[in-house]
Amino acid sequence: MAWLWLLCVLLPTFMVSVTANSLPVFESNMTLVLLPEDLPVGAVVFWLVATDPDGDQLTYGISGLHANYFSVTSNTGEVKLVSSLDFETLPSFRITISVNDGHNVQVTKEMQVIVEDRNDNAPVFLNTEFSTSIKETLPVGSVVFSVLAEDKDTGSSGLVEYFIEKVIPSTDNSKDLFRILVNGSIVLNDTLSYNNKSAFYQLELKACDSGGLLNNTLVTQCSQPVFVSISVIDEPDLDPQFVREFYSASVSEDATLGTSVLAVEAVDSDKGVNYNVTYNITNSTRPGWFCIEKDGVITVCGPLDREQLLLDNEEVQIQVTATEEKPNIYQQEAKVSTWVTIKVTDVNDHKPEFYNCSLQNCTFSPQEAQDNFTGYVDEHASARISIDGLTMVAYDPDQGANGTFLLSLNGTDAEAFNVSPERAAVSVSVQVVVKNSEMVDYEKKTEMQVQVVATDSVSGNYSVATVTIHLRNINDHRPVFSKSLYELTVPENSPTGFLVTDSIEATDLDGDEWGPITYSLLPGAGEDLFEVEPKSGNVTVKNGTLLDREKQAMYYLTMQATDGGNQSTTTMLQITLLDVNDNPPVVRGSYNIFVPEEDGDVSVTIQAYDDDQPGTNNSRLLFSLLPGSYSQNFSIDPDTGLLRNLEPLDREAIDPALEGRIVLTVHVADCGEPSLSTDVNVTITVEDINDNLPIFNQSSYEFFVMERVPGALVGTVKAWDADQTAANNRISFSLSGTGANNFILQSIVLALGWAEGHLWLLPDVSLDYETQKLFNLTVSAENPGPQGLESTANITVVVVDVNDEPPTLDAVSLQSISVAENGSEHGQVAQVIAQDVDTNALLRIELVDVLCTKAGVDVGSVCHGWFSVDTNGSVYINQSEAIDYEVCHLVTLVVRAQDLATDLGFDAYSSNGSLLINIKDKNDNTPYFLPNNQTFVIIPELVLPNQQVASVQARDEDSEDNGIIKFSILKADFVPKDGATNPVQVFRISQSVEAGLYTGSIELVTNLDSTLQGTYQVTVQAQDQPAMDPALETQTTLNLFTVDQSYRVRLQFSTSREDVGANMEEIKAALIQATRTSVYVVTIQNIDSMARARVNSYMDAYFVFSNGSALTLTELNVMIRKDQDALRQLLQLGLVVVSSQETQEFNQTQLLTNVIIGLVVSLVLVLVIMITALVCFRKSYHRKLRAMKAGKEARKTPIETMTPAAAIPGTNVYNTDRANPMLDLPTKDLGLECHSSSDLDYHSLNSLDENSVDLDTDSKEFKRKDLPHNPPESDSEPLTAALSGRSAGTSGQQQRELSFTNPGLDTTDL
């Protein structure tokens, strides 16, 4: 019973006082966290923050399926990233955060982690084949190939752009041959050519995204380059091409028909097609001369004549066309043409012939050949003088030596002439020249004749041409005048063509043979004034306009007479001009006279002269004044030209447009017949003086001005000054009178002495009708200067009243009103009133804006059509059914008043006013539960009464009482695994509200039976609490899964309870990583020192999935071992054993009971061991006795009687049953010394024990003897050795002491 007393002593130490302790609470923002996916591992991502009203030390943790991404420092709540995030793999996930104060069950909360995308992915091309073939005629702009690259990032980071990095081959015409569109389509940007450009292209493509943030840096990711191979397919789009650019050959003009001249060759330019080519002649300068075969060989097919080609450079041009056998892609013939030049060589088949032409113009046709020619030459012409008019050309069309010929003269007159040249080739101009001038005599022979002979120098063939030469007579006499000087007169005003004389004549002794005499004037002074008629010799005036006696009175001319032979003679002509009255008088200088008005006088003499002959009436002058506007005021002397004024001058009497200038016209005339005259203007400027007073155009002025118009134009005054100069008629205005300081008078000078004064209000001054309605002012107009002349006029300014006041809104009419939602009210709900102090105001109300707000937040235009405002201010409900409190709480109508009669320039609008319309809520929205994806699990032994086991959240869009929600539990059932439903009364619900979100906490009322396995189904109702309208409700059913004690698992640690608690978050994180479950820790305790040494503490926990199922011990072990990383971390944290509670759990009472049981079992074991030892000792004793007996028997037995049967190794058994192994012990160790009474027995025992035997029959003495061999392992079997020794002892003396050992049997007895 001692252990019962021990329990009584230990029991108080396990009693714990229970006091009320509050649960910690997470901060309200612990629901959502946004993390960029490029956060480095080890970075602090957020902090878990909770508050505990009791101030307990808090322990934080993270669990859930994705808790392995984070590690949390349990005592601070610092959360670090332990596994890289990837937006493309997992854009968002949920984790469960927990906090424990060490006294209550841990508090958990769902937190959503949203992974923000970063530009961590480069675009990747999706195509697998990057090659294509295109035709070379593909139109520009066609799509060649399309590629597609994908970027897993989002936003601009996933927007892919494509680039052509390189085009191979890299040439100037391939660099921009392709372009790529934004959709990845590669477009042909220029024409292709299989022959002229490359037949294969390789494009290096790259895809880049549009850039995005990565590690807080704007990064653009680009793909690995890919290469697109493009093969160009040749098409028959090119014409054939001749292999040579130029073809030429030569052929003799006597070649026979069918002679081959040359061969042309053309090939198909389309290298990939290569059609056959046919040939034909499409044009020729000599059709029919040549033909072409199918293989391109040109042959002679007609007679040739080189001489027909002299104008063609002896060449025949042939156009050869090569045509492909098939049409091109345009269904047209593919062909090309080239010109072939064939030179026809010469043979000597012509004789020289004569032609009547100049060498450069000869065509040398056979029909033009002549044999008669004519020429002329003067008599007695000098030697080497050629015959005039002879155009003879000798021509031999042959070439080279065949075209060389000799020239010679024959005939009766051949001695008088020579031919030139004497030798020529092809063609030459033939000249016949005088050889003997004495033989060429007109008086002897008027006509001579020679024959010109042309002989071919090779063949000797010749031609003869006759040349007739006509002789010309020469001139040897000159013409003769009758006088050497002729004196002539002519009036200076003679017209052109006037005959000066017709009596001059010359004669020629040679008669008329050399033609008539021709008269002319030699160059000299007067040749432009006079001329001679060539045939008659009459002298006439050539240009009468140039005759002027006053410039030149006499001219000397040389007259020449020339006959037909160009023989001439001269005579002198003296021509005198007669004076006529042809010059008008000339006035010297100009006349501009300045004289002041009133006191100034005019006195000036007009200077004039006449160029006609002095002393005659033609040069005598008379002066007079022509009639004019002011000529009656002046007089002039007719002989001297003195001009004077007859009375004083007045500037104001002169037309102002003349600006004081009087223009008089003086007439100057000569006395000749007819009389000539000249007029001259005399300008007299009468200078103005200031002798006139300014005058207003009105004696008084009345102006009207609108009030409230600053800087307005009031009116205009006008005055005039009769003075005609700006200096004397300039007028300035000034203003005086009461209130004149409100005005400004601006003077403006007008034309002709007029001036205006513009009366303005000052820019910052406006009149007020209510203050002063009338202003009386005086305006003065004055001339500047010493005289100080001025005049005045009265001005009356009348102020005109205007509508200048804006309307105002009545504040009382803008007081807020309330309107119920959902069509509860209709018609007019308010009246906005406006006021205006102006008497002629015309007011209307207009709606400026409508503001829709809900809980102080602008909700846009949802309420814009609910209300309308009439121009009279009436506010009506426009859409009663559309009014919805849940959409908009407050409608603000912004209105203003407008005065339609307000004058321009003034504000016609009032300030904006706001009419607040509060929307009254109706209970028209049913409460609704918020979606909850959380799984609720109940572990009966962990939850206590009043503890929350589940929660619901609900909202009601109504307001105030209509939006208040009350939770209730309609029913609660327990559904065990067998499917039966049992109503229970173990839950209650409490509620809280925050920002319109109602939370219902489901709590336990009593303890739950931990042995029950199943699901609690709790139906929760949410009902609003309206004051008047019917209540609305909704229900939801929660499943609370139970986990019984059979799933409780114990984890044993080599560390203490305190260390396990400190490492709890790491331990749970590793367990969550391995199991993907939620870990619920029941308790952490130290293990008593009586337990095994390696285990110092243990932790009991449940491992529950989100569906309510839990892990068993076996499943937990398997899952931990599968995750080597988690297992390694748990081992580092001290995990030793994972076991079930049933095999490891015990309390202090059970421990004490086990100790007592252990002591009893130990005592029983000691007794069993002692009894066993006694039994074994007795058996050993009997075995030794049998061994001694066997030794004695062996010693008595002669060796000869021993059977040869083998002994059992290590025993003394020789076919004898029950033989035992021998002990390597001296006999004294057997403890049987007292039982042996003879030495024989003693020695027998000793020999057996030592495995040594020696027998001396004579002395009966035994002694120990060493074996002859050293290794004890090689000794023979002991009994055999003993018997052998005995046999040896019979023949000699042996030592008495003899022994050997068998170490292999030292432990046989054990």
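A distance-only check finds no donor-acceptor pair linking the side chain of Thr540 to the backbone of Gly497 [under 3.5 Å]. Asp398 places a side-chain N or O within donor-acceptor distance of the main-chain N or O of His350, the cut-off being under 3.5 Å. Judged purely by atom type and a 3.5 angstrom limit, Glu136 uses its side chain to pair as donor or acceptor with the backbone of Tyr194. A donor-acceptor pair is defined here as one N or O able to donate and one able to accept, closer than 3.5 Å; no such pair exists between the side chain of Glu293 and the backbone of Asp295.
For Thr137 and Glu235, the side-chain atoms include at least one donor-acceptor pair closer than 3.5 Å. Under 3.5 Å, the side chains of Thr321 and Ser337 contain a donor-acceptor pair of N or O atoms. With hydrogens and angles left out, the side-chain atoms of Thr363 and Glu368 include a donor and acceptor closer than 3.5 Å. In this model, a donor atom of one side chain and an acceptor atom of the other lie less than 3.5 Å apart for Gln317 and Thr341. Counted by atom type alone, Glu333 and Thr323 present zero donor-acceptor pairs between their side chains at under 3.5 Å. No hydrogens or angles considered: nothing links the side chains of Gln431 and Ser420 as a donor-acceptor pair under 3.5 Å.
Remark: Lys135 NZ is loosely packed, at most 12 non-hydrogen atoms of other residues, nucleotides or ligands lying under 6.0 Å away. The neighbour count for Glu422 CD, taken as heavy atoms of other residues, nucleotides or ligands under 6.0 Å away, does not exceed 12.
Taking the centre of each ring, Phe130 and Phe227 stay at or above the 6.0 Å mark.
Between the OH atom of Tyr355 and the CD atom of Gln367 there is a distance of 8.5 Å, given to the nearest 0.5 Å. Interatomic distance, Trp289 CH2 to Asp305 CG, rounded to the nearest 0.5 Å: 6.0 Å.
Under the 4.0 Å criterion applied to side-chain N and carboxylate O atoms, Asp312 and Arg286 are assigned as salt-bridge partners.
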Check step by step if salt bridge (charged side-chain N to carboxylate O under 4.0 Å, His left out) holds for Asp413 and Lys445. CA-CA 11 Å; Asp413 297 321; Lys445 187 185 289 187; 3.2 Å; yes
Walk me through it: do Arg472 and Asp378 pass the test salt bridge (charged side-chain N to carboxylate O under 4.0 Å, His left out)? CA-CA 4 Å; Arg472 293 191 296 257; Asp378 292 337; 2.7 Å; yes
Under the side-chain hydrogen bond (donor to acceptor under 3.5 Å, both in side chains) rule, what do Gln319 and Thr282 come out as? Steps first, then yes or no, please. CA-CA 6 Å; Gln319 185 183 41; Thr282 54; 2.9 Å; yes
Check the pair Lys197 / Thr191 against side-chain contact (heavy atoms from CB on, under 4.5 Å), numbers first and verdict last. CA-CA 9 Å; Lys197 298 180 181 179; Thr191 57; 3.8 Å; yes
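Between Val428 and Pro421 the shortest heavy-atom distance is CG2-CG, 3.6 Å.
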